[in-house]
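Quick caveat, the model's predicted, so the values are computed rather than measured.
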Amino acid sequence: MDGSSSVARRLWLSRRLLLGVVVVLLVSVLVFLATQVLPGDPARAVLGHDATPERVAALRTELGLDRPILDQYFAWLGGVLSGDPGRSLVTQEQVSTLIGDRAVNSAVLVLVAAAIVVPLSVFVGAWAGRRRDRPVDRVVLVVTLGLTALPEFIIALLLVILFSTSVFPVLPGTVLLAPGQSPLSNAEQLVLPVVALVLGVLPYLARLVRGSVIDVYESEYVRTARLKGVPERVVLRRHVLRNALVPAIQGTSLALAYLTGGIVVIEQVFNYPGLGSALVDAVNNRDVPVIQLICLIFAACYVVFNLIGDVLTVYVTPRLRTAGR
Amino acid sequence: MTTQPTPGLSRRGFLGSAAALSLLAACGGGPAQAGGAPRRGGRLTVATGGAKGSDTVDPMLLNSAPVSFMARVLYDQLADYSNEMQYQVRMAEVIESNATGDEWTIRVRQGIEFHNGKTLDADDVLFTFQRTFSLPGAVTVGKFKPFVDLNAITKLDQRTLRMKLIRPAATFQTALASPFKIIPVGFDPRTPVGTGPFRYKSFSPNRQWVCERFGNYWDATGESQPSDTPAPADLGPKPYLDELVVNVINDDSARINALVTGQVDAINQVPYAQIPTIEQKPGLKLLESKTGAWTGIYMDMRKPPFDDVRVRQALRLAIDRDQALTACLSGHGVVAHDLPEPFAPGYPAALTRKRDVAQARELLKQAGREGLTVELVTGPVSTEAVAMCTVLAKNAAEIGITVNVKQVDTATLFGPNFHNWPFSVDKWPPQGSYLTLSALTDLSDTTTLTHMGGQDLGELRSLYEQAQATVDQAKQAELTQRMYRIQYDRGGWIIPFFANVENAHSTRTAGWPKFDFAGRTFGNARFEQVYLTG
């Protein structure tokens, strides 16, 4: 590899990073505008029933809601950039402490689910692809199609009924975590949420891998390798899997991004104390700084996962790796 | 009681001792526990719904169901209502007024200790009043503002205050019995200190409360609220539990799952449709009580078309109360007749209203409002609020009124338009006195939302003031009844029912109060009389 291509790649990478930052910033503007469009404000959401005009006015002043919108946005942005995302309008707590352990909880859930679903999908996909049109493949297709048709929250509810409350009462159906307690300290509670997420992503990813494995099997270079007398195992390992990896990487990055968003629903069903449930509550309370930061984290995750997917794709695709030479 | 069934008993032996037990219970009125022998100590873990990110442990900011019942756990009051809505003095030894009701003397009991060891005295009561008036968002301020002049409170001695009120308030003691939690001088909500049966250990909004037994609880040997499984006398002073953990599980199904799988010992806010599920599960018990809590649909009586009493009465006659009770609460409630506070003195139980489509149509015709279309703004102020509006819309269609139900979220409902929705919903807990409630709603100083128009308002206000100026209970009740009558004939509230409060608990726990007329859930949060068994 010569110097000019590595410079080009570095340029490409920094451009992607920059674009990523711009995307995240745009998201923050959009989210901020969206929160302004929502009727009601934190002062009213907090006071609820007792929202008399004078008390709303007093609380608004106290919370700084009477300042111009642009002022509020830039004050928040400046804070985030200098590492201080501000205080919750509702609890007056630091936003970072408010969502700190929730962010960790959500990350644990996503990462554990990803660590299971990615290898599993590659395995199931490759297996089915290799046995195309045979009974195994048919079964995989039908099952994954069935799972795709079920919304995640239905899967979650079915799991709870099956393994927690009614049929086999063996696993807890609700996650109870004390603030600051690691979700891994009570792994039993994690089983059902993780399985629900895995079953939500597996069909998509496995079918993707299956499709690309089939494509590669039909390619000329595989036929050539077989004609050369290369053993089938080596064909699978050297030629098929390696080339089928590209769509799998793209799929995985999308799946991870999807998982990050998808946890909102799963967290709600299992009462899992993560970012998703915090976001739902923050929206109900019109707690703008909390909404903003969580959306920012979600947006950043999307950007980062996509970026990693693209970078890995470039690295495993010789044609792309050498482009720009 | 020593003849509890022990684990490992044979069936015959169990039946034998169960028979002996029921015989004993019949003779002595002793409790018969299903879960084993009552024991002292241990940790009770419960799960609550209705929590919000804005929840606090500040007893003056009661803005959600768990905040309001947890305030009863950590703090106490000068006076209070029992679980059957009977007025009682609590930490006060004396709360009495002069003959005109405009000068009140409050003396606190001797030797009541706060969680930090400080003894309760008159300064703490004064401080509580001052903080109520200065803290933005304090909920009780509305009940005191029209009467209390902070500069007219004199300290007579270490335990006694004398308050000269701005105007007569013969029901001032009922305002003290509403959630007016006494806090010590210099109270800091970050390290909350009260006189309640449990002491603060930790709190994380929308996640968890942890409290521990307060050994010097002032009312440790006081009478408990009626229960089907009262604690035996040898369980010692209250509270019986060592620790109370309240987890937030806002999702209804997740909360029930947590109880069914044994992750928690009790839950509140059981959805009405799920009651059969609870009743079928062995080892679980439903804790249900009727309440005086109500969700009402109000009509702005100062704006057309609701400024015409005939339109209001037509809608009140249109709603099918029995149908509403079945559809919204699966029958778990009591039919109401548009009048609140069923447990308050003076409540006219004789004033009832039945569905009458013909009369409703006639009234509408007289008003010239046939074919009327109105928008009803509703939101999740209570579990039944939205369903209730749907029932009204359906019933109103039969008298020729088109009611378009518009559903919004709570922040929107109480949003900038809150005081402009002409037709909307609101929810109130029982206040124990119709006069107290009126001052907050139909005679409120801060909003004219549910004020009557024209002469009615003046008449209502005059009756209210007369009632506040007399300490003669009979006279007061008679004046209250006249106010009720005006509301019944010309008011703007549609109150179809009083919903029951539904909790469920494992039979490993007992001692739960059977009544909770205030509807605060968990038997009015009297966790001090709950104990574990087995």
Side-chain angles (χ1 to χ4, degrees), chain A residues 38-59 61-62 88-93 98 101-102 157 160-161 164-166 169-180 189 267-273 277-278 280-287 290, chain B residues 45 47 51-56 61-64 136-142 202-208 210 245 247-251 253-264 277 281 380-381 408-419 426-429 440 444-447:
Chain A
L38 282 175
D41 64 29
R44 290 174 191 279
V46 170
L47 291 173
H49 205 293
D50 308 284
T52 59
E54 309 98 73
R55 281 159 72 190
V56 169
L59 201 59
T61 313
E62 201 184 289
S88 153
L89 295 182
V90 171
T91 63
Q92 298 303 313
E93 242 182 298
L98 198 75
D101 81 318
R102 284 175 175 268
L157 288 181
V160 169
I161 292 172
S164 175
T165 54
S166 301
V170 284
L171 287 166
T174 315
V175 180
L176 290 178
L177 281 182
Q189 295 193 125
E267 286 181 1
Q268 199 69 16
V269 172
F270 290 101
N271 194 52
Y272 190 87
S277 41
V280 171
D281 189 65
V283 171
N284 283 337
N285 280 322
R286 309 288 191 262
D287 197 344
V290 178
Chain B
T45 308
K52 299 196 280 187
S54 53
D55 288 353
T56 73
L61 305 173
L62 307 174
N63 57 358
S64 79
V139 286
T140 40
V141 70
S202 71
F203 167 64
S204 176
N206 217 9
R207 288 285 288 280
Q208 196 181 55
V210 181
V245 179
N247 289 301
V248 172
I249 306 184
N250 281 333
D251 186 77
S253 327
R255 198 163 58 249
I256 292 179
N257 292 344
L259 178 71
V260 170
T261 57
Q263 287 174 285
V264 298
T277 316
K281 293 267 176 200
V381 289
V408 297
D409 71 344
T410 321
T412 310
L413 187 69
F414 296 124
N417 282 323
F418 177 43
H419 294 273
D426 206 352
K427 183 198 158 98
W428 284 90
L440 297 171
S444 167
D445 288 337
T446 48
T447 167

(request) Just jot down the side chain to side chain donor-acceptor pair (under 3.5 Å) partners of B/Gln208, sequence neighbours excluded, or say none. (result)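 For B/Gln208 the side chain to side chain donor-acceptor pair (under 3.5 Å) partners, ignoring immediate neighbours, are B/Asn247.
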
(request) Measure the spacing between OG of B/Ser253 and CG of A/Asn271 and express it to the nearest 0.5 Å. (result)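 Nearest 0.5 Å value for the OG-CG distance: 11.0 Å.
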
(message) Nearest 0.5 angstrom please: B/Gln263 CD to A/Leu176 CG, how far?
(response) 5.0 Å

(message) Which atoms of A/Leu171 are under 4.5 Å from chain B, going by heavy atoms: the side chain, the backbone, both sets, or neither?
(response) backbone

(request) Could you look at A/Val160 and say if it's the side chain, the backbone, both or neither that has a heavy atom under 4.5 Å from chain B? (result)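 Contact with chain B involves the side chain of A/Val160 alone.
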
(request) Using non-hydrogen atoms and a 4.5 Å limit, figure out which bit of B/Val210 sits close to chain A: side chain, backbone, both or neither. (result)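 Neither part; nothing is under 4.5 Å.
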
(request) With a 4.5 Å cut-off on heavy-atom pairs, point out which of B/Ile249, B/Val264, B/Asn250 contacts chain A the most. (result)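 So the answer, after comparing B/Ile249, B/Val264, B/Asn250, is B/Ile249.
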
(message) With chain A as the partner, which of B/Ser204, B/Ala47, B/Gly53 has the greatest number of non-hydrogen pairs under 4.5 Å?
(response) B/Gly53

(message) Quick check for you: among A/Pro179, A/Gly173, A/Pro273, which has the greatest number of heavy-atom pairs under 4.5 Å with chain B?
(response)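 Heavy-atom pairs under 4.5 Å are most numerous for A/Pro179.
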
(request) For each of A/Pro169, A/Pro172, A/Ser277, tally heavy-atom pairs with chain B at distances under 4.5 Å, and name the one with the top tally. (result)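 That would be A/Pro172.
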
(request) Taking side chain to side chain contact (heavy atoms under 4.5 Å, CB included) as the test, write out the residues that go with A/Val280, two or more places apart. (result)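 In terms of side chain to side chain contact (heavy atoms under 4.5 Å, CB included), with neighbours along the sequence ignored, A/Val280 is linked to A/Val264, A/Gln268, A/Asn284.
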
(message) Using modelled atom types and a 3.5 Å cut-off, is there a donor and acceptor pairing between side-chain atoms of B/Arg207 and backbone atoms of A/Leu177?
(response)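 Yes: the side chain of B/Arg207 pairs with the backbone of A/Leu177.
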
(request) Write down the atom of A/Ser164, the atom of B/Thr261, and the distance for their closest heavy-atom approach. (result)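 Shortest heavy-atom separation between A/Ser164 and B/Thr261 comes out as OG-CG2, 3.1 Å.
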
(request) Please test A/Thr165 against B/Ile256 for side-chain contact (heavy atoms from CB on, under 4.5 Å), starting from the C-alpha separation and ending with a verdict. (result) CA-CA 9 Å; A/Thr165 54; B/Ile256 292 179; over 6 Å; no

